Amino acid sequence: MSDSSMTRFYRDHGYLLVRGLIGKDEARAYREECHAVLSRLRPYDPTWGSARRLAGVATELRHCHDAQFHSAAFARLMLDPRFTDVAAALIGSENVQLHHTKIFVKPAGKGSPFPMHQDAAHFPHTRHTVGAAIFHFDDAPEEKGCVRVVPGSHQDGPLPHVEEGGWHLPPERWPLEEAVPVEAEAGDVLFIGYLTVHGSGINRSDQARTTLLVQFRDPEDRPADDVHRSRGQGMMLRGFDPLAGR
């Protein structure tokens with residue numbers, strides 16, 4: 001797919017799966033790095049209350065904010081032109097700025113789901129250029145709880161969310177099972193606009209699902225509210241910050 005085709009698909013549908021953005025061996029190494037980082041941290045389960053109700057059974061999630069501060073491997077990946085060039089094309093700017101990063105691992109057999117939501121509800125911006133890149137470090141078929149999207153939903157703009165249980169959309173209006181599953185393989189990267197409605201299912205497989213999320217934006221797209229800060233926020237991943245020093 002050409003750059004123009006990728007950009008057109010992203011703008012029309014609100015998401016884009018880039019196959020094989022990194023190699024299988026690279027993905028395997030990053031997977032090992034993710035699990036090594038998590039093994040050094042105190043266990044903490046960030047599963048949303050709404051996700052527990054959605055699952056109906058006991059589930060777990062492991063994650064880590066600010067991954068690049070725990071391992072230099074992720075700092076290198078965030079600056080990789082294979083990623084930043086795609087991000088720049090999708091947001092329509094030569095400049096790409098970091099918002100935040102997270103490692104997500106859904107454990108085998110009991111990985112927590114995410115109810116349908118827009119990321120914009122958690123950190124609204126003024127120009128809506130914010131996007132997420134989800135790096136898949138192992139295969140993510142539907143049985144592993146892959147990401148599910150509602151194509152074109154970004155065109156409706158910011159939607160009212162239910163605050164209780166993790167800022168999610170009403171499940172009766174936005175049922176997870178009706179969203180389109182985006183199955184991925186190790187090395188694939190899923191780009192999602194922050195207005196695109198998405199969620200993910202339970203990992204019912206016998207293997208963990210391991211991903212790294214990198215949230216990015218055009219540096220001229222300023223936060224509408226001071227509601228989400230991270231240690232690395234504002235770092236330039238590509239180009240420069242035209243607003244620096246102002």
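From a predicted model like this one, the values you see are computed outputs, not experimental measurements. For the numbers below, each heavy atom of this structure counts, side chains included, while hydrogens, waters and symmetry mates do not.
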Engineer: Closest approach of Thr59 and Ser112, non-hydrogen atoms and distance?
Structural biologist: OG1-OG, 2.8 Å
Engineer: Using the side-chain contact (heavy atoms from CB on, under 4.5 Å) rule, pick out the option among Ile103, Thr211, Leu212 that qualifies with Phe137.
Structural biologist: Leu212
Engineer: Measure the shortest side-chain to side-chain distance between His70 and Leu41 over non-hydrogen atoms and say whether it is less than 4.5 angstrom.
Structural biologist: yes
Engineer: Please verify the inter-ring angle class for His100 with Phe123; under 30° counts as parallel, over 60° as perpendicular, anything in between as tilted.
Structural biologist: perpendicular
Engineer: Report yes or no: do His35 and Thr210 form a side-chain donor-acceptor pair below 3.5 Å?
Structural biologist: yes
Engineer: So, using side-chain contact (heavy atoms from CB on, under 4.5 Å) as the criterion, who are the partners of Pro175 when residues are at least two apart?
Structural biologist: Glu177, Glu178
Engineer: Centroid separation under 6.0 Å, is that true for the rings of His198 and Trp174?
Structural biologist: no
Engineer: Can you give me the closest heavy-atom contact between Pro151 and Val180, atom names plus distance?
Structural biologist: CD-CG2, 3.8 Å
Engineer: Do the non-hydrogen side-chain atoms of Arg229 and Pro223 ever get within less than 4.5 Å of each other?
Structural biologist: no
Engineer: Do any pairs count as a salt bridge (Lys or Arg N to Asp or Glu O under 4.0 Å) and have a residue in residues 35-63, sequence neighbours left out, and if so which ones?
Structural biologist: Asp45-Arg52, Glu60-Lys110
Engineer: Is there a path from Ile134 to Leu16 through hydrophobic residues (I, L, V, M, F, W, Y) whose side chains come within less than 4.5 Å of each other?
Structural biologist: yes
Engineer: Kindly determine whether Arg222 and Arg127 satisfy side-chain contact (heavy atoms from CB on, under 4.5 Å), including the steps that lead there.
Structural biologist: CA-CA 7 Å; Arg222 308 312 302 159; Arg127 291 174 51 190; over 6 Å; no
Engineer: Please test Arg148 against Glu183 for salt bridge (charged side-chain N to carboxylate O under 4.0 Å, His left out), starting from the C-alpha separation and ending with a verdict.
Structural biologist: CA-CA 9 Å; Arg148 305 177 76 100; Glu183 296 183 301; over 6 Å; no
Engineer: Quick check for you: to the nearest 0.5 Å, what is the distance between Met6 atom CE and Arg11 atom CZ?
Structural biologist: 12.0 Å
Engineer: Tell me, with the steps shown, if Met236 and Val96 meet side-chain contact (heavy atoms from CB on, under 4.5 Å).
Structural biologist: CA-CA 6 Å; Met236 293 307 300; Val96 179; 5.8 Å; no
Engineer: Going by the angle between their ring planes, with limits at 30° and 60°, are His63 and Phe104 parallel, tilted or perpendicular?
Structural biologist: tilted
Engineer: Please lay out, stage by stage, how Val197 and Val149 fare under the test side-chain contact (heavy atoms from CB on, under 4.5 Å).
Structural biologist: CA-CA 6 Å; Val197 175; Val149 302; over 6 Å; no
Engineer: Taking the ring of His228 and the ring of His122, is the distance between their centroids below 6.0 Å?
Structural biologist: no
Engineer: Would you check, one step at a time, whether the test salt bridge (charged side-chain N to carboxylate O under 4.0 Å, His left out) holds for Asp138 with Lys144?
Structural biologist: CA-CA 10 Å; Asp138 42 39; Lys144 268 194 173 186; 3.8 Å; yes
Engineer: Going by heavy atoms in the side chains, are Ser230 and His65 under 4.5 Å from each other?
Structural biologist: no
Engineer: Aromatic ring centroids of His99 and His125 under 6.0 Å?
Structural biologist: yes
Engineer: Any side-chain heavy atom of His136 within less than 4.5 Å of one from Leu190?
Structural biologist: yes
Engineer: When rounded to the nearest 0.5 angstrom, what is the spacing between CD in Gln233 and OG1 in Thr101?
Structural biologist: 11.0 Å
Engineer: Cut-off 3.5 Å, side chains only: do Ser200 and Lys106 have a donor facing an acceptor?
Structural biologist: yes
Engineer: With side-chain hydrogen bond (donor to acceptor under 3.5 Å, both in side chains) as the criterion, how do Glu33 and Ser71 come out once you've worked through the C-alpha distance, each side chain's angles and the decisive distance to 0.1 Å?
Structural biologist: CA-CA 8 Å; Glu33 194 69 21; Ser71 171; 2.7 Å; yes
Engineer: Quick one: does Val18's side chain get under 4.5 Å of Asp188's, heavy atoms only?
Structural biologist: no
Engineer: Taking Leu98 as the starting point, is it possible to reach Phe191 by hopping between hydrophobic residues whose side chains are less than 4.5 Å apart?
Structural biologist: yes
Engineer: For the pair Tyr15 and His13, name the ring-plane relationship: parallel under 30°, tilted 30 to 60°, perpendicular over 60°.
Structural biologist: perpendicular
Engineer: Are the side chains of Val150 and Met116 in contact, using a 4.5 Å heavy-atom criterion?
Structural biologist: yes
Engineer: Enter the distance from Ile192:CD1 to Leu17:CG here, rounded to the nearest 0.5 Å.
Structural biologist: 9.5 Å
Engineer: Can you tell me if Asp218 and Thr129 form a side-chain donor-acceptor pair at under 3.5 Å?
Structural biologist: no
Engineer: Start with the C-alpha distance between Val105 and Arg209, add both sets of side-chain angles, then the distance that settles side-chain contact (heavy atoms from CB on, under 4.5 Å), and finish with yes or no.
Structural biologist: CA-CA 6 Å; Val105 172; Arg209 196 204 77 169; over 6 Å; no
Engineer: Quick one: pull up CE in Met78 and CZ in Phe216 and give me the separation to the nearest 0.5 Å.
Structural biologist: 12.5 Å
Engineer: Could you tell me which non-hydrogen atom of Arg238 sits nearest to which non-hydrogen atom of Ala88, and how far apart they are?
Structural biologist: NH1-CB, 3.6 Å
Engineer: Just how far is it from atom CG of Leu77 to atom CG of Leu79, taken to the nearest 0.5 Å?
Structural biologist: 9.0 Å
Engineer: Counting C-beta onward and ignoring hydrogens, is there a side-chain heavy-atom pair between Arg19 and Leu21 closer than 4.5 Å?
Structural biologist: no
Engineer: Please name the pair of heavy atoms, one in Val130 and one in Arg217, separated by the smallest distance, quoted to 0.1 Å.
Structural biologist: CG2-CB, 4.0 Å
Engineer: What pair of heavy atoms forms the shortest contact from Thr47 to Ala51, and how long is it?
Structural biologist: CG2-CB, 3.8 Å
Engineer: Any side-chain heavy-atom pair from Leu176 and Phe114 closer than 4.5 angstrom?
Structural biologist: no
Engineer: For Leu195 versus Pro158, what's the shortest heavy-atom pair and its separation?
Structural biologist: CD2-N, 3.7 Å
Engineer: So how far is it from His168 NE2 to Gln118 CD, rounded to the nearest 0.5 Å?
Structural biologist: 13.5 Å
